[in-house]
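Contents: one structure, followed by commentary.
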Amino acid sequence: MNILANILPFFLKEIDNFSRREIISFAYLSIEKILGFSKSDCILNSNYILSDEDISSFEKIIVDIKKNIPIQYVLGETHFYNLKFNVNSSTLIPRPETEELVRYILSHNFSSVLDIGTGSGCIAISIAKNSKASIDAIDNSKEALEIAKFNAILNSVDVNFMFNDVFGFSVTKKYDLIVSNPPYVLNSEKKYMHQNVIDYEPHNALFVEDFNPLIFYEKIALIASKNLNSNGLLFFEINEKFGEQIIDLLLKLNFVDIELKKDINGRDRIIKSVFK
Ligand SMILES: C[S@@+](CC[C@H](N)C(=O)[O-])C[C@H]1O[C@@H](n2cnc3c(N)ncnc32)[C@H](O)[C@@H]1O
C-alpha cells in the first residue's frame with residue numbers, strides 16, 4: 001500500500017465484517033481524514049505516494065473498523081447539518097433525524113435558545129451557525145462539554161456551554177426556544193439495537209429505565225414552563241412509542257399548539273409546542 005490507488009483494494013482485502021459499499025465509504029472517509037483528499041481528488045492523485053506515517057494511520061483505522069468501532073469514533077469526526085463535528089466515546093454520534101429537528105427549528109423565529117443535553121453540541125452549534133440567536137447549552141457530561149466547546153471553535157460560532165444536570169437545573173434566564181434530544185431509548189430496547197451502539201456509544205446519552213421512560217420529558221417540560229418567554233417554543237426529539245404520552249404531559253403544563261411530526265422514515269420523532 002504505497003500509493004493512494006492501493007488504499008481502496010487494501011481496505012476491501014482487510015475488512016470482512018461490513019458490506020462492500022460500507023467498506024468503500026470507510027476508505028474514502030479515511031482518505032479525507034488522513035490525506036485531505038476528496039473522492040474526486042483521489043482520481044486526480046491516484047499515484048500520490050503515501051508516507052510511512054500515512055500507511056500506519058490507515059492500518060490503525062482498519063484495526064479499529066475490524067473491532068466494530070463506529071467509523072465516526074474511529075476517525076473522531078462526523079458531519080451534521082453540513083458542518084464537521086468532533087466526536088468521541090463521551091458524545092453520542094449525531095443522527096440524521098436530529099438534523100430534521102434542526103431544520104424544523106430553523107423555520108421559526110427566535111432570538112435566544114437553550115439546548116438541554118447538548119452532547120457534541122450538534123443542535124446548538126448548527127442553530128448558531130444558521131441564525132442570529134444567542135445560544136446556551138447544558139450537559140451533565142464534562143467530557144462531552146469539552147468536545148462541544150471544541151466543535152463551536154471548529155465551526156466559528158459562539159455558544160455558552162454550561163455544566164448542569166437537568167435534575168438540579170439552576171439556570172434562571174428566560175429563552176424564546178428550548179430544545180432537547182434527551183436520553184429516550186428503553187433499557188428493554190437494547191436487544192434491538194446494533195451491537196456497536198451498545199458497545200461504544202455513551203449509555204447515559206441513550207438509555208432510560210422502562211419504569212420511568214418520560215423522566216427527562218417531564219423535567220424538561222417543567223423547566224420550559226418556567227424558563228420560556230410567553231409564546232416561547234419547546235422542541236423535543238422523542239421515542240416514537242411515547243408521542244401521545246408526551247403530548248398529555250405538555251397539555252397538563254398548559255402548552256398549546258402541539259405538533260407531532262414524523263421523520264423521513266415515517267416515525268413520530270419531533271414534538272413542537274408553544275408556551276402561553
Ligand atoms: C441523546 S443525547 C443527545 C446529544 C445531542 N444533543 C444530539 O442530539 O446528538 C442526550 C444527552 O443528554 C446528556 N444527559 C444525560 N443525562 C443528563 C442530565 N441528567 N442532565 C443533563 N444532560 C444529561 C447526555 O450526556 C447526552 O449528551
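In listed order, ligands and their atoms are each counted from 1. Note: hydrogens, waters and symmetry copies are ignored here, and every other heavy atom, side chains too, is used. Start at 1 with the first residue, then count along the sequence.
Set against the non-hydrogen atoms of C122, the atoms of ligand 1 under 4.0 Å away are 7 (C), 8 (O), 9 (O). Atoms of ligand 1 lying under 4.0 Å from at least one heavy atom of L92, given by number and element, are 1 (C), 2 (S), 9 (O).
No part of S120 comes within 4.0 Å of ligand 1, judged by heavy-atom distances.
Between Y48 and F37, the angle of the ring planes goes over 60°, which puts this pair in the perpendicular group of the 30/60° scheme.
With hydrogens left out, the protein atom closest to atom 2 (S) of ligand 1 is A205 O, 3.4 Å, a heavy atom. Among protein heavy atoms, the minimum distance from atom 23 (C) of ligand 1 is reached at N140 OD1, 3.1 Å. If you check which protein heavy atom lies closest to atom 3 (C) of ligand 1, you get N181 O, 3.2 Å. Ranking protein heavy atoms by distance to atom 19 (N) of ligand 1, first place goes to D165 OD1, 3.0 Å. In terms of protein heavy atoms, atom 20 (N) of ligand 1 is closest to V166 N, 2.9 Å. The protein atom (non-hydrogen) at minimum distance from atom 4 (C) of ligand 1 is G117 O, 3.4 Å. Closest protein heavy atom to atom 25 (O) of ligand 1: D139 OD1, 2.6 Å.
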Tell me which donor-acceptor pairs under 3.5 Å the side chains of residues 212-225 have, and how far apart each pair is, sequence neighbours excluded?
{"from": "Y217", "atom 1": "OH", "to": "E237", "atom 2": "O", "distance (Å)": "2.6"}
{"from": "S225", "atom 1": "OG", "to": "L222", "atom 2": "O", "distance (Å)": "2.6"}

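Of the candidates F207, F163, F80, F216, it is F216 that places a heavy atom closest to atom 16 (N) of ligand 1.
The distance between the ring centers of Y184 and F236 does not fall below 6.0 angstrom.
At a threshold of 4.0 Å, the pair K39-E32 does not count as salt-bridged, since none of the basic side-chain nitrogens sits closer than that to a carboxylate oxygen.
With sequence neighbours excluded, no residue satisfies side-chain hydrogen bond (donor to acceptor under 3.5 Å, both in side chains) with K13.
Not a single heavy atom of Y184 sits less than 4.0 Å from an atom of ligand 1. Distances shorter than 4.0 angstrom do not occur between any heavy atom of I138 and any atom of ligand 1.
Across all non-hydrogen atoms, the minimal contact from I93 to E201 is N-OE1, 3.0 Å.
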